[in-house]
Each structure stands twice: as C-alpha cells, then as structure tokens.
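Just so we're clear, the structure is a prediction, and the values are computed from it rather than from any experiment. Keep in mind that the numbers below use all heavy atoms, side chains included, and drop hydrogens, waters and symmetry copies. We're numbering straight along the sequence, starting at 1.
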Amino acid sequence: KKELQTQAARCMDCSIPFCHSGIMLNGALSGCPLHNLMPEFNDFVYQGLDHFAYVRLNNTNNFPEFTSHVCPAPCEGACSAGLVNDPVSIKNLEQYVIEQAFANKLVKPNKPAHRSGKKVAVIGSGPAGLTCAGDLAKMGYDVKIFEALHEAGGVLVYGIPEFRLPKQKVVAKEI
C-alpha cells in the first residue's frame with residue numbers, strides 16, 4: 001500500500017495532467033478513453049481514502065475490475081510524470097482501488113431512486129451490453145439481458161485469455 005501511495009503522490013506532483021484527456025494524437029489514443037479522472041482517484045489513494053477513490057473511479061467506469069486487468073493503459077503514455085521519469089503506474093492504482101472496494105464490500109448494485117415502470121431488453125452480455133444494461137438500470141428501467149452463448153460476458157469470457165482476465169476471480173463476480 002505504501003508503494004501505491006508513493007505512486008499516487010507522484011501523480012499529485014503533476015501540474016498539467018493529460019492522463020484523462022482521451023484525445024487522438026497522430027492517430028494514437030492519448031489518455032483514458034473513459035475519461036477516468038486519475039488525478040482525483042490517485043489523490044484519494046494517496047490520502048488513504050480508498051472508499052472515496054472507488055466512488056470517484058466508479059463515476060466514470062462501470063467496470064474498473066475489467067479495465068484494470070485488460071486496458072492497455074494509454075493514460076500512462078499520457079502521464080506528464082513520464083516526461084521526466086517513469087509514468088505513474090495508474091493501471092496498478094486502478095486495480096488496487098477496485099480490489100480494495102471488493103474486499104471492503106463497497107461494490108454493490110446501484111439501485112435507482114425511483115423505477116420508471118418501463119422494461120428494456122439488451123441483446124448481448126459483453127462489455128457493451130453489460131454497460132448499457134447497468135446504465136439503464138441506474139435510470140430506473142427494468143432490464144433483461146439476452147445472451148446467445150452458454151455464459152454471460154461475451155468477449156470477457158470467450159475472447160480474453162484467462163491469464164489476462166481471470167474468469168472466476170473477476171468476471172463471474174461482477175456478472
């Protein structure tokens with residue numbers, strides 16, 4: 001934890017963060033395509049406020065437990081600290097935040113304040129289908145997911161190797 005707090009502190013020394021910009025530079029993505037606000041959740045990690053780090057991360061990322069394992073971390077390539085030293089290990093910090101959130105039972109369904117009374121069908125349970133279903137459920141819709149394959153998860157289950165994204169440890173827990 002101390003090493004991660006040191007990494008987070010390095011992020012706090014940055015005066016011009018580009019890590020969350022998610023812009024194209026010379027045909028390559030620079031920064032987070034989800035626009036995760038890394039400086040904000042890193043500051044919470046630095047202060048030892050892991051609960052707030054999870055809340056901040058969860059505001060822009062429906063599934064940080066997936067992205068912390070498979071994202072190629074363009075945010076680290078956009079990290080201003082990387083101009084002088086190694087970039088801040090943002091991917092490790094994100095993984096720490098979500099693992100702490102699960103360990104401390106912070107990850108719970110986001111129940112809507114009110115139900116709309118409307119039903120929606122989502123076809124496919126890959127990352128896009130799960131994100132769509134989750135966002136609709138947060139808005140109060142009664143959502144049913146339909147999946148053609150044996151297991152829910154789409155590319156998370158059938159397309160990403162086990163060593164990269166542990167199915168029982170990470171994917172099944174969320175689904």
Phe52 meets the ring pair (Phe, Tyr, Trp, His ring centres under 6.0 Å) criterion, sequence neighbours left out, with Phe44
Sequence neighbours left out, what passes ring pair (Phe, Tyr, Trp, His ring centres under 6.0 Å) with Phe63? Give chain and number order. Phe66
Donor-acceptor contacts under 3.5 Å from residues 21-34 side chains, at least two apart:
from  : atom 1 : to    : atom 2 : distance (Å)
Ser21 : OG     : Phe18 : O      : 2.8
Ser21 : OG     : Ser30 : O      : 3.3

Using the rule that Ile, Leu, Val, Met, Phe, Trp and Tyr join whenever any side-chain heavy atoms are under 4.5 Å apart, tell me whether [X] and [Y] fall into a single cluster.
{"X": "Leu130", "Y": "Val157", "answer": "yes"}
{"X": "Leu49", "Y": "Met38", "answer": "no"}
{"X": "Ile90", "Y": "Tyr46", "answer": "no"}

Name each donor-acceptor pair under 3.5 Å that joins a side chain in residues 117-128 to protein atoms two or more places apart or in another chain, with its distance.
from   : atom 1 : to     : atom 2 : distance (Å)
Ser125 : OG     : Glu147 : OE1    : 2.6
Ser125 : OG     : Gly153 : N      : 2.8

Among residues at least two apart in sequence or on other chains, which ones pass side-chain contact (heavy atoms from CB on, under 4.5 Å) with [X]?
{"X": "Ile160", "result": "Val70, Val155, Leu156, Arg164, Leu165, Lys167"}
{"X": "Leu37", "result": "His20, Glu40, Arg56"}
{"X": "Pro166", "result": "His69, Glu162, Lys169, Val170"}
{"X": "Phe102", "result": "Glu65, Ile98, Val107, Lys173, Glu174"}

How long is the span from the [atom1] atom in [X] to the [atom2] atom in [Y], to the nearest 0.5 Å?
{"X": "Cys71", "Y": "Lys91", "atom1": "SG", "atom2": "NZ", "value": "6.5 Å"}
{"X": "Phe41", "Y": "Asn58", "atom1": "CZ", "atom2": "CG", "value": "12.0 Å"}
{"X": "Asp50", "Y": "Leu57", "atom1": "CG", "atom2": "CG", "value": "12.0 Å"}
{"X": "Asn42", "Y": "Cys19", "atom1": "CG", "atom2": "SG", "value": "7.5 Å"}
{"X": "Glu3", "Y": "Asn92", "atom1": "CD", "atom2": "CG", "value": "8.5 Å"}

Is the number of heavy atoms from other residues, nucleotides or ligands within 6.0 Å of NZ (Lys111) greater than 12? no
Measure the shortest side-chain to side-chain distance between His51 and Asn104 over non-hydrogen atoms and say whether it is less than 4.5 angstrom.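 They are not in side-chain contact.
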Give a yes or no on whether the backbone of Gln47 and the side-chain of Gln5 come within a donor-acceptor separation of less than 3.5 Å.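 Here the side-chain-to-backbone pair does not exist.
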Enumerate, atom names and distances included, each donor-acceptor pair closer than 3.5 Å involving a side-chain atom of residues 6-14, sequence neighbours excluded.
from  : atom 1 : to    : atom 2 : distance (Å)
Thr6  : OG1    : Lys2  : O      : 3.0
Gln7  : OE1    : Arg10 : NH1    : 3.1
Gln7  : OE1    : Ser89 : N      : 2.9
Gln7  : OE1    : Ser89 : OG     : 3.3
Arg10 : NH1    : Asp86 : O      : 3.3
Arg10 : NH1    : Pro87 : O      : 3.4
Arg10 : NH2    : Asp86 : O      : 2.2

Which residue pairs pass the salt bridge (Lys or Arg N to Asp or Glu O under 4.0 Å) test when at least one of the two sits in residues 92-104, sequence neighbours left out?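 As it turns out, there is no salt bridge (Lys or Arg N to Asp or Glu O under 4.0 Å) pair with a partner in residues 92-104 once direct neighbours are skipped.
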Going by salt bridge (Lys or Arg N to Asp or Glu O under 4.0 Å), name the pairs with one or both residues in residues 126-144, residues two or more places apart or in two chains. Asp135-Lys138
Just grab all the ring pair (Phe, Tyr, Trp, His ring centres under 6.0 Å) pairs involving residues 113-162, residues at least two apart or on different chains. none
